[in-house]
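Written below as structure tokens is the structure these notes are about.
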Amino acid sequence: MTNNEHYIVEQNNEIEILQSIYSSEFTKHTTDSHKFSLEIPIEKEDIRPCTLVLGVEYTAKYPDELPNFTINLLEDDTLPAAGETDAVLESKDLTDIHKNLHRIYEDNLGMAMVFGMATDLKEIAAQLLTDKTKELKRQKDARLQKEIEADRAKFVGTLVTRENFLQWKERFQAEMSLHNVTLVDSSAEDPKSSAVRRLGAKAAGGGGKLTGRQLFEQDKSLAASDSTYFADGDASVDAREFAHRE
């Protein structure tokens, strides 16, 4: 048996084994008996299922060299559209998986390897989908947490820090200074009110309350100060007349 015949025998034997294992997933090329494909379902808890197609073409010296192989995603219209946290395999993911398999099986030359490639493809793809799904859920949870914190912030006052407290204190002191200046300006008194307070103080010191007449007798400026409130045509009264009538 020549080397070429030996390779052909090994290839045919592997094909028979693969057909028995993947009875419904195995598809043989119509014109090339050493070219075929396997449908690999990727199913695992908490991931969106999908199906990958591993296309294989034996080389003349397989299994002493790697076969030519491709990895593609099988479109499935029966699956619902991917949700917000449903990870899907993209072209870059398939390229990365292909590189990983190529690197792994470069160290397994000399033996049938397609079954192992199909098995590893299933595991690698499932793990990748699991990791991507977890990341999508993490991003969603983080976004929801931010929304919750933003809603809470609407009902919480400004957090007091040393910096904003000093700013408030400075504004408060400036406002109080302005308020005190306004109070001093508005407290300017007319002669009448000043005189009333002077006399009131005297009365308090003497132990009795002064009558209106006593107020006028002790401080004549009260009569003069009242004149500022007379309108045109009002009659004036001389307080001395009341004193003569007693």
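Values below: every heavy atom of this structure, side chains too, minus hydrogens, waters and symmetry copies.
At most 12 non-hydrogen atoms from other residues, nucleotides or ligands lie less than 6.0 angstrom from CD of Glu163. Within 6.0 Å of the CD atom in Glu147, the count of heavy atoms belonging to other residues, nucleotides or ligands exceeds 12.
The pair Glu149-Arg152 fails the salt-bridge criterion, with no side-chain N (NZ, NE, NH1 or NH2) lying under 4.0 Å from an Asp/Glu carboxylate O. Salt bridge Lys137/Asp141: absent, no basic N to carboxylate O contact under 4.0 Å.
Counting heavy atoms from C-beta outward, Pro41 and Lys122 have side chains that approach closer than 4.5 Å. Side chains of Thr51 and Ile40 form no contact here, defined as non-hydrogen atoms less than 4.5 Å apart. Side-chain contact check for Cys50 versus Val88: every heavy-atom pair is 4.5 Å or farther apart. Two residues are said to be in side-chain contact when any heavy atoms from C-beta on lie closer than 4.5 Å; Leu94 and Leu52 meet this criterion. A 4.5 Å side-chain heavy-atom check between Gln173 and Lys169 finds at least one atom pair inside the cut-off. Using a 4.5 Å heavy-atom cutoff, the side chains of Leu101 and Ile124 are in contact. In this structure, the side chains of Leu18 and Val56 stay at 4.5 Å or more apart for every pair of heavy atoms. By the 4.5 Å heavy-atom criterion applied to side chains, Glu123 and Asp120 are counted as neighbours.
Between the side chain of Asn12 and the backbone N or O of Val9 there is no donor-acceptor pair closer than 3.5 Å. Judged by distance alone, with hydrogens and angles left aside, the side-chain atoms of His98 form a donor-acceptor pair with the main-chain N or O of Phe69 at under 3.5 Å. For Gln11 (side chain) and Thr59 (main-chain N/O), a donor-acceptor pair under 3.5 Å exists by modelled atom type. Between the side chain of Tyr58 and the backbone N or O of Tyr7 there is no donor-acceptor pair closer than 3.5 Å. For the pair Glu14 (side chain) and Met113 (backbone), a donor-acceptor distance under 3.5 Å is present. Without hydrogens or angle criteria, Gln19 side chain to Phe26 main chain gives no donor-acceptor distance under 3.5 Å.
Qualifying side-chain contact (heavy atoms from CB on, under 4.5 Å) partners for Lys140, counting only residues two or more places apart in sequence or in other chains: Glu84, Thr85, Arg143, Leu144.
In summary, the side chains of Gln139 and Glu135 do present a donor paired with an acceptor at a separation below 3.5 Å, with no hydrogens or angles considered.
Nearest heavy-atom pair across Lys28 and Ser33 is CE-O, 3.4 Å. Contact detail for Lys44 and Ala126: the closest heavy-atom pair is CD-CB, 4.1 Å. The two residues Ala87 and Leu129 make their nearest non-hydrogen contact at O-CD2, 3.6 Å. Smallest separation of non-hydrogen atoms from Ala125 and Leu89: CB-CD1, 4.2 Å. Contact between Arg103 and Asn100 at its shortest, heavy atoms only, is NH2-OD1, 2.8 Å.
Cluster membership for Ile8 and Ile17, using ILVMFWY side-chain heavy atoms within less than 4.5 angstrom, is not shared. Criterion: ILVMFWY side-chain heavy atoms under 4.5 Å apart, direct or through other members. Under it, Phe115 and Tyr105 are part of a common hydrophobic cluster.
Atom NZ of residue Lys134 and atom CG of residue Asp46 lie 8.5 Å apart, to the nearest 0.5 angstrom. Atom-to-atom distance recorded for Met111:CE and Tyr62:OH is 10.0 Å, nearest 0.5 angstrom.
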